[in-house]
Amino acid sequence: MRRLHVTILDLVTKGPTDSLYARVMNHNLASIMPQVVGVWCEELGHQVRFICYTGREDLQQELLEETDILIIGAFTRAALTAYAISHMFRARGVVTVLGGPHARSYPQDSAKYFDYVLGFTDKALIKDILSECAPNRPMGLHLQAARQPTELPGVKERWKFIEPTIAKAPIPFQIVPMIGSMGCPYTCGFCVDANVDYQPLSFDQISEDLKFILTKMKRPIVAWHDPNFGVRFQDYMQAIETAIPPGRIDFIAESTLSILTEPHLERMKLNGFRAILPGVESWYDMGGKSKTGQKKGEEKVKKVADHINMILRYIPYVQVNFVLGMDCDQGPEPFELTKKFLDAAPGAFPAFSLLTAYGQSAPYNLTLQQDGRVLPFPFHFLDNNHAMNVRPIHYEWPEFYDYVIDISEHAFSWPMIAKRFMRNRGMIPKWYNFVRAVSTGGFGRINYHKRIRERLDTKSGIRPFMEGETTELPDFYRRKIQRKLGPLWEMLPPGAVMHDHKAYLHSQSTIMPLSRDSPPAIVEAAV
Ligand code: B12
Ligand code: SF4
């Protein structure tokens with residue numbers, strides 16, 4: 001096989017930024033898979049150049065070097081940035097590949113702008129693409145492994161890509177990304193992992209990686225990227241306990257309340273867990289996940305608040321995730337319940353997400369598209385905050401935004417910020433929550449939601465767009481994209497700003513398997 005110049009670009013943001021939060025935190029949004037793909041490409045004998053774009057690098061400069069194939073990892077919010085870069089490279093004769101959440105959610109749209117679009121990715125698939133490395137135009141190929149890979153290169157192999165990425169951040173915020181499992185045993189219909197079986201990776205490798213990290217960093221922090229950390233709790237804790245002395249590494253993880261029982265928390269505390277992000281999502285659904293069983297509404301609020309307060313006795317930083325606008329919510333009650341929860345558990349940082357249907361990533365999105373409830377908001381705004389691309393079933397938009405603003409103002413009012421500050425233990429949780437609340441995570445979002453709310457009552461064109469009466473993008477949104485993309489705006493391929501918001505539904509009738517020789521592990525579909 002020809003030795004290729006492979007450029008790998010992990011897009012953690014969509015355009016230049018110099019904000020304080022971005023400087024401190026953006027590199028911590030780096031993904032594991034681009035690093036994994038980098039290791040695989042090198043193992044296959046190719047030359048790799050790796051760039052993690054955090055919004056502060058000069059992309060034009062970084063992307064100048066010789067490249068035969070460009071592999072981009074992107075979330076949907078950075079899709080337009082990825083499209084523009086791919087367009088630029090294809091014009092130079094480079095073959096382009098897209099992987100990551102956007103490729104999984106919107107393969108049909110991505111295939112218009114990339115030669116290869118990847119779903120589940122393993123080494124065999126990367127090998128296949130590199131040996132072919134051919135332009136596929138006008139429509140790229142959508143390829144995916146039959147299942148999630150059963151093994152991934154560990155921290156030691158990925159270190160050459162991790163080190164320069166985390167070096168961009170100030171020392172107390174240099175976080176190493178690790179993963180010990182994929183998929184999830186739960187089946188939340190709005191989640192990308194609803195139909196993906198839970199599968200642990202090697203626990204021996206986890207132990208080896210932890211030992212390795214201690215040889216490289218004095219006081220390491222590890223963030224687990226497992227969709228639901230701790231499902232095989234005993235194995236995880238054993239892997240940590242046998243590898244490193246108690247508390248030598250600080251850990252951050254996303255987990256469900258049902259896993260976070262008191263005996264588990266005791267052990268997690270001993271092992272150095274310092275931050276945990278459980279999801280409550282809604283007061284009416286997800287009983288199994290939050291271990292509230294049949295309890296709903298007020299009863300669930302009390303139970304969850306008690307649970308969160310108990311977690312806070314063991315773990316100093318807790319972020320609770322809520323999804324706003326779910327179908328089970330109706331009237332003021334869910335928002336009032338959330339306020340009661342915040343009052344009862346003021347130490348937790350609340351993260352509110354607007355319900356978002358990311359293309360074909362979740363089974364429920366098909367129903368939403370069938371019911372005509374999905375809106376064609378450009379990808380740029382699909383980050384759970386800047387737009388809600390699902391029309392709520394029980395709310396009018398102005399009413400919904402009034403509730404969103406009200407709950408956010410409650411969560412980030414000065415008395416709540418003060419209470420949170422007093423309840424949090426340790427300087428880092430106290431100040432981190434304070435900064436988040438008064439910057440983009442709190443005040444910034446309230447201001448943004450208010451600007452949308454005001455425009456719902458004017459002739460800005462936003463209301464008809466959000467009612468699904470027109471697909472013409474209001475100027476407000478177009479200008480925002482243009483401003484953020486800067487010079488990349490000019491590089492966007494024609495028509496790229498908008499997409500077929502019903503592509504998942506349409507693909508149900510049009511998918512035709514392509515007959516092409518491929519290794520058995522690879523499933524292929526024309527898009
Ligand atoms: C861990 C996690 C995070 C972590 C780590 C993020 C990261 N960079 O990986 C943190 C907390 C930082 C995070 C942040 C965000 N997240 Co997040 N996150 C997840 C979570 C829980 C697990 C993802 C994961 O790592 N899985 C394990 C990997 C190995 O599996 P995989 O993702 O399926 O990837 C496979 C393929 O897609 C492919 N692949 C993946 N990446 C790449 C890259 C390349 C180059 C290639 C070739 C292949 C490839 O290979 C993998 C193996 O088959 C998912 C939900 C879930 N249950 O999956 C949400 C999820 C990915 N996040 C989501 C969102 C929206 C966000 C945020 C925008 C939230 C916010 N408002 O801040 C940010 C964006 C961060 C960014 N980099 O831009 C959405 C993405 C939807 C979309 N289409 O964009 C998801 C799907 C949740 C949801 N709402 O449905 N997240
Ligand atoms: S528990 Fe979390 S990761 Fe698992 S299916 Fe539900 S939302 Fe997805």
Side-chain angles (χ1 to χ4, degrees), residues 8-14 25-38 40-41 50 52-54 70-79 82 97-106 116-122 125-126 129 143-150 152 175 177-196 198-199 201 223-229 231 252-259 277-279 281 286 288-290 319 321 323 351-362 365 379 382-386 440-441 445:
I8 298 180
L9 177 61
D10 180 7
L11 278 181
V12 307
T13 188
K14 47 195 175 191
M25 287 312 286
N26 268 7
H27 67 283
N28 292 325
L29 304 180
S31 300
I32 290 177
M33 278 307 290
Q35 302 165 1
V36 162
V37 173
W40 285 338
C41 290
F50 184 90
C52 175
Y53 178 61
T54 65
L70 170 72
I71 304 180
I72 301 184
F75 282 57
T76 293
R77 66 179 183 174
V97 183
L98 182 73
H102 184 65
R104 253 182 92 180
S105 305
Y106 296 96
Y116 299 93
V117 176
L118 310 189
F120 289 159
T121 303
D122 59 13
L125 181 57
I126 294 295
I129 290 166
L143 304 171
Q144 58 186 339
R147 60 189 68 83
Q148 290 282 35
T150 49
L152 295 176
I175 302 181
M178 277 185 72
I179 186 160
S181 66
M182 287 179 235
C184 178
Y186 294 101
T187 53
C188 314
F190 61 84
C191 175
V192 63
D193 273 332
N195 294 332
V196 183
Y198 176 77
Q199 165 201 312
L201 297 168
W224 295 100
H225 283 198
D226 303 43
N228 188 357
F229 177 85
V231 172
I252 304 172
E254 282 192 49
S255 194
T256 47
L257 288 179
S258 52
I259 290 173
L277 293 76
E281 330 295 3
M286 316 297 157
K289 183 181 163 187
S290 55
Q319 172 184 307
N321 299 326
V323 180
F352 301 117
S353 291
L354 301 181
L355 177 66
T356 308
Y358 289 103
Q360 65 181 57
S361 58
N365 298 355
F379 297 137
L382 300 190
D383 62 358
N384 303 344
N385 301 307
H386 285 92
T440 44
R445 277 192 202 159

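Each ligand, and each atom within it, is numbered from 1 in the order the structure gives. These numbers were taken from a predicted model, which means no experiment stands behind them.
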Please state which protein non-hydrogen atom is closest to [atom] and give its distance, to 0.1 Å?
| atom | result |
| --- | --- |
| atom 77 (N) of ligand 1 | Leu29 O, 2.9 Å |
| atom 35 (C) of ligand 1 | Gln148 OE1, 3.8 Å |
| atom 66 (C) of ligand 1 | Phe75 CE2, 3.6 Å |
| atom 70 (C) of ligand 1 | Asp383 O, 4.1 Å |

For ligand 1, the portion of [X] having any non-hydrogen atom under 4.0 Å away:
| X | value |
| --- | --- |
| Cys191 | side chain |
| Leu382 | neither |
| Thr121 | both |
| Leu277 | neither |
| Phe120 | both |
| Ile71 | side chain |
| Arg104 | side chain |
| Ser105 | side chain |
| Pro149 | side chain |
| Val192 | side chain |

- [ ] Check whether any N, O or S atom of Cys191, backbone or side chain, sits closer than 2.8 Å to atom 6 (Fe) of ligand 2.
- [x] no
Open item on the list: Heavy atom to atom 39 (N) of ligand 1, shortest distance: which of Gly279, Ala145, Gly100, Ala223 holds it?
Closed with: Gly100
- [ ] Select the closest option to atom 5 (C) of ligand 1 among Met182, Gln319, Gln144, His225, judged by heavy-atom distance.
- [x] His225
Please identify which atoms of ligand 1 are closer than 4.0 Å to at least one heavy atom of [X].
| X | answer |
| --- | --- |
| Asp193 | 56 (C), 57 (N), 58 (O) |
| Ile179 | 27 (C) |
| Ser31 | 7 (C), 8 (N), 9 (O) |
| Asn384 | 65 (C) |
| Gly119 | 36 (C), 38 (C) |
| Asn385 | 71 (N) |
| Pro227 | 21 (C), 57 (N) |
| Pro101 | 61 (C), 80 (C), 82 (C), 83 (N), 84 (O) |

How about [atom]: does it have a protein heavy atom within less than 4.0 Å?
| atom | answer |
| --- | --- |
| atom 46 (C) of ligand 1 | yes |
| atom 56 (C) of ligand 1 | yes |
| atom 50 (O) of ligand 1 | yes |
| atom 85 (C) of ligand 1 | no |
| atom 20 (C) of ligand 1 | no |
| atom 13 (C) of ligand 1 | no |
| atom 10 (C) of ligand 1 | no |
| atom 75 (C) of ligand 1 | yes |

Give yes or no for whether the N/O distance cutoff of 3.5 Å, strictly under, is met between [X] and ligand 1.
| X | answer |
| --- | --- |
| Ile32 | no |
| Tyr358 | no |
| Asp226 | no |

Open item on the list: Exactly one of Arg104, Gln148, Met33 should register a side-chain contact (heavy atoms from CB on, under 4.5 Å) with Thr121. Which one does?
Closed with: Met33
Which heavy atom of [X] sits nearest to which heavy atom of [Y], and what is that distance?
| X | Y | answer |
| --- | --- | --- |
| Ile126 | Cys41 | CG2-SG, 4.1 Å |
| Ile179 | His225 | CD1-O, 4.0 Å |
| Leu98 | Ala82 | CD1-CB, 4.3 Å |

Open item on the list: Check contact between Ala30 and ligand 1, using heavy atoms of the residue and a distance below 4.0 angstrom.
Closed with: yes
TODO: Would you check whether Ala74 reaches within less than 4.0 Å of ligand 1, judged by its heavy atoms?
DONE: no
- [ ] Indicate the ring-plane relationship of His102 and Phe379, choosing parallel, tilted or perpendicular according to the 30° and 60° boundaries.
- [x] perpendicular
Task: No-hydrogen, no-angle side-chain donor-acceptor test under 3.5 Å, Asp226 and Tyr198 - done: no
